[in-house]
There are 2 protein chains.
Amino acid sequence: MLRMSDLLERLRERGWRLTAQRRVVAEVLDGDHVHLTADEVHARAAERLPEISRATVYNTLRELVHRGEVLEVSTDGRAKRYDPNAHRPHHHLLCARCGSIRDVHPTGDPLANLPAAQSFGFTVLEAEVTYRGICPDCAA
Amino acid sequence: MLRMSDLLERLRERGWRLTAQRRVVAEVLDGDHVHLTADEVHARAAERLPEISRATVYNTLRELVHRGEVLEVSTDGRAKRYDPNAHRPHHHLLCARCGSIRDVHPTGDPLANLPAAQSFGFTVLEAEVTYRGICPDCAA
DNA sequence: ATAGATGCAAATGTTTTGCACAGCA
DNA sequence: TGCTGTGCAAAACATTTGCATCTAT
């Protein structure tokens, strides 16, 4: 059963101009626990569409992030990773050794832990928790 | 009353080779709510010691981070910022517009919110919360 | 037809590195 | 004096941008 990814379907509905390049980027990003760097996205996209350029991948990722369809995950100095699981809120578990990432769903709302008195006049919009540790592969 | 910064004092005790360059880097980083980029550290250090090189600043910062004396704070794509307040645990409030940072001390232990069942085999070492919002300056 | 996406290559910004020299312990 | 830090410049990455060309709508 051929099914267009949820991502593509949603984008098409919102009048996103669909091109071959954008299609493969969206396809490459489909799935759970997918956290690729821009360069990895480009490499995988190029397997199916050899002429796709890095610039287009970067542009497309930037736009997907802007539209709230993909999450940009900072990884302590390493290249950013892109997470298609943007529709359900979650946090990240980052391997301090190899940089690999897993999605996690902690209990409780971290925002609730910041007393207003500590906001320094900021309008606080969101809280993101990064758990750091050593992944099973690196521990072995 | 002339007082050597706590940072310098601690480093000297641990046999850190003290040079003019390292001294100004440590001095520039002294204080609360200090979150400078490597380049800002270099600029301020160069005011007092014009011949200091960027490489030395980067090397020094890297070593301070390694020794646990300075915290490296990721800032969503912008240049990393360095936080001398590493001896007391805290989290960060980041302005999504201008990238400025404040230290905050939320209530509760975020680590406690990650059930073991969600650790994916990781040995989880720490949890860091990044609050994102708009700072008073940017809101004005 | 046309607004907008693409590819290429060059520019940008950040951080690291190689190597000869200099300076702290 | 000897190890180690420093400066310089170049390299290494990650990402963005300008511009001519192409294409989905």
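Just so we're on the same page: letters track the sequence lines, and every chain starts at 1.
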Using the benzene-type ring in the case of Trp, are the ring centres of H42(A) and Y58(A) under 6.0 Å apart? no
If I take atom [atom1] in residue [X] and atom [atom2] in nucleotide [N], what distance separates them, rounded to the nearest angstrom?
{"X": "R78(B)", "N": "dT15(D)", "atom1": "CZ", "atom2": "C1'", "answer": "14 Å"}
{"X": "R23(A)", "N": "dT6(C)", "atom1": "CZ", "atom2": "P", "answer": "12 Å"}
{"X": "L49(B)", "N": "dT6(D)", "atom1": "CG", "atom2": "C1'", "answer": "11 Å"}
{"X": "R22(B)", "N": "dG23(C)", "atom1": "CZ", "atom2": "P", "answer": "15 Å"}
{"X": "R62(A)", "N": "dA14(D)", "atom1": "CZ", "atom2": "P", "answer": "17 Å"}
{"X": "H66(A)", "N": "dT16(D)", "atom1": "NE2", "atom2": "C1'", "answer": "15 Å"}
{"X": "H42(B)", "N": "dT16(C)", "atom1": "NE2", "atom2": "C1'", "answer": "15 Å"}
{"X": "L11(B)", "N": "dT4(D)", "atom1": "CG", "atom2": "C1'", "answer": "16 Å"}

Among [options], the one nearest [X] by side-chain distance:
{"X": "S53(B)", "options": "dG7(D), dT16(C), dT15(C)", "answer": "dG7(D)"}
{"X": "T60(A)", "options": "dC8(D), dG5(D), dT6(C)", "answer": "dT6(C)"}
{"X": "Y58(B)", "options": "dA3(C), dT14(C), dT6(D)", "answer": "dT14(C)"}
{"X": "K80(B)", "options": "dT15(C), dT15(D), dT25(D)", "answer": "dT15(C)"}
{"X": "A38(A)", "options": "dT15(D), dG5(D), dA25(C)", "answer": "dT15(D)"}

Where the side chain of H90(B) meets the backbone of R88(B), is there a donor-acceptor pair that is under 3.5 Å apart? yes
Report yes or no: is there a donor-acceptor pair, N or O only, under 3.5 Å between the side chain of R17(A) and the base of dA24(D)? yes
[X] and [Y] ion-paired at < 4.0 Å:
{"X": "R14(A)", "Y": "E69(A)", "answer": "yes"}
{"X": "R48(A)", "Y": "E27(A)", "answer": "yes"}
{"X": "E40(A)", "Y": "R81(A)", "answer": "yes"}

Indicate, with a heavy-atom threshold strictly under 4.0 Å, whether N59(B) touches base, sugar-phosphate, or nothing. base
Taking for each residue the nucleotide of DNA chain D with the nearest heavy atom, is it W16(B) or A55(B) whose nucleotide lies nearer the 5' end? W16(B)
May I ask you to evaluate whether Q21(A) reaches the phosphate of dT23(D), defined as a side-chain N or O under 4.0 Å from OP1 or OP2? no
dT6(C) phosphate, OP1 or OP2: any side-chain N/O from R54(A) under 4.0 angstrom? no
Return whichever of T37(B) or T19(B) has its heavy-atom-nearest nucleotide of DNA chain C closer to the 5' end. T37(B)
